[in-house]
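Report on the structure given below.
In this text, all values refer to a predicted model and were calculated from it rather than measured experimentally.
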Amino acid sequence: MEAARVYAGALFDVAKEKGKLDAVGADLGQFADAVSGSRDMQVFLFSPHFSSAEKTEGLRRGVEGADPELVNFLELLIEKHRMPEVFRIRREFEQLWKRERRRIDVTVTSATELDPAVVEKIGGEIERQTGQTVELASRVDEEILGGIVLQVGNMVLDASIRSRLEKLRKSVAA
């Protein structure tokens, strides 16, 4: 995980310096998706049976037209035998990108489908309080029984009935 963070940070810094954060991020995402979706690409890029030169040549043909900074970065991953880290590097890069662009992921979980207006109102309130742009998702989990569970970035606010019942059960059992 640490290696992925270091590599993602280096790519992020170069992309930011060159004013290409969005382009590099998009190309990295497309590349990671393509590798994820192709067992043949994974075998080729991750296998020690192919030389770095063969992998680099294949990479250049496969990512023709991609941002040059990303191509250089992917060639470095091949050279350092770090290509299997590309998925974690992508996640780390996306987190850095979101922090830079002041975006935050918010997931609203409820026992039943919420009115979209209610979900939007929750998202709007979080945007107002954090000063960040909210990337909002809503999901249903019948096991929470009622109430909502709100995940804002890495923080979780659990105002579900299941959570309250669990706290009550623990206090009665003590």
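In this structure, the side chain of D27 engages the main chain of D67 through a donor-acceptor pair within 3.5 Å. Panel note: side chain S38, backbone V35; no donor-acceptor pair is recorded below 3.5 Å. Remark: the backbone N or O of E92 is not paired with any side-chain donor or acceptor of R5 at under 3.5 angstrom. Of the possible polar contacts, one joining the T56 side chain to the S52 backbone as a donor-acceptor pair under 3.5 Å is found.
Looking at R90 and D33, a side-chain N of the basic residue comes within less than 4.0 Å of a carboxylate O on the acidic one, giving a salt bridge. In summary, R91 and E94 do not engage in a salt bridge, as defined by a charged side-chain N under 4.0 Å from a carboxylate O.
Within the 4.5 Å cutoff, no side-chain heavy atoms of F12 are placed close to those of V24. For the pair E127/Q132, no side-chain contact is recorded, criterion being any heavy-atom separation below 4.5 Å from C-beta on. A 4.5 Å side-chain heavy-atom check between T109 and Q151 finds every atom pair outside the cut-off. Under the 4.5 Å side-chain criterion, counting only non-hydrogen atoms from C-beta, K55 is not in contact with S51. Annotation: side chain of K16 is in contact with side chain of E100 (closest heavy-atom distance under 4.5 Å). Looking at S110 and E142, their side chains never come closer than 4.5 Å, going by heavy atoms from C-beta outward. Looking only at side-chain heavy atoms (C-beta outward), Y7 and R82 come within less than 4.5 Å of each other.
Atom CD of E64 sits in a sparse spot, with 12 or fewer heavy atoms from other residues, nucleotides or ligands closer than 6.0 Å. Open room surrounds CG on N154; 12 or fewer heavy atoms of other groups in view lie less than 6.0 Å from it.
Using a 4.5 Å cut-off between side-chain heavy atoms of Ile, Leu, Val, Met, Phe, Trp and Tyr, with links allowed through other members, L96 and F87 fall into the same hydrophobic cluster. Placement of V14 and V6 in two distinct hydrophobic clusters is found when ILVMFWY residues are connected by side-chain heavy-atom separations under 4.5 Å, directly or transitively. By the rule that hydrophobic residues join a cluster once side-chain heavy atoms approach within less than 4.5 Å of another member, L76 and F31 end up as members of one cluster. No single ILVMFWY cluster, assembled from side-chain heavy atoms under 4.5 Å apart, contains both I144 and L165.
When every heavy atom of V43 is checked against every heavy atom of S47, the shortest pair comes out as O-CB, 2.8 Å. Counting all heavy atoms, side chain and backbone alike, I89 lies closest to L77 at CD1-CD2, 3.8 Å. Here the closest heavy-atom approach between residue E113 and residue V140 is recorded as OE1-CG2, 3.5 Å. Scanning all heavy atoms of the two residues, the minimum distance from G146 to A111 falls at N-CB, 3.7 Å. Looking at every heavy atom in both residues, R102 comes nearest to G131 through NH2-O, 3.2 Å. Listed here is the closest heavy atom pair of R88 and A4: CB-CB, 3.6 Å.
Here F93 contributes atom CZ and L28 contributes atom CG; the two are 6.5 Å apart, rounded to the nearest 0.5 Å. Separating the CZ atom in R103 from the OG1 atom in T130 is a distance of 12.5 Å, to the nearest 0.5 Å. From L21, atom CG reaches atom CH2 of W97 across 9.0 Å, with rounding to the nearest 0.5 Å. Taking CE of M83 as the start and CD1 of I78 as the end, the distance is 4.0 Å to the nearest 0.5 Å. Distance check: E120 CD to D115 CG gives 10.0 Å after rounding to the nearest 0.5 Å. The distance from atom CD of Q42 to atom CG of D40, rounded to the nearest 0.5 Å, is 9.5 Å.
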task = Show the numbers, then the answer: is there a salt bridge (charged side-chain N to carboxylate O under 4.0 Å, His left out) between E75 and R60?
result = CA-CA 9 Å; E75 289 176 2; R60 286 183 183 150; 2.7 Å; yes
inquiry  = Run E125 and K121 through salt bridge (charged side-chain N to carboxylate O under 4.0 Å, His left out) and show every step you take.
reply    = CA-CA 6 Å; E125 183 59 26; K121 188 171 184 175; over 6 Å; no
CA sep, side-chain torsions, deciding dist, call: E166, R162, salt bridge (charged side-chain N to carboxylate O under 4.0 Å, His left out) = CA-CA 6 Å; E166 185 62 25; R162 177 182 67 190; over 6 Å; no
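Chaining together hydrophobic side chains whose heavy atoms lie under 4.5 Å apart places I122 alongside I104, V106, V108, L114, V118, V119, I126, V134, L136, I148, L150, V152, L157.
Judged as a salt bridge (Lys or Arg N to Asp or Glu O under 4.0 Å), and not counting sequence neighbours, the contacts of D22 are R101.
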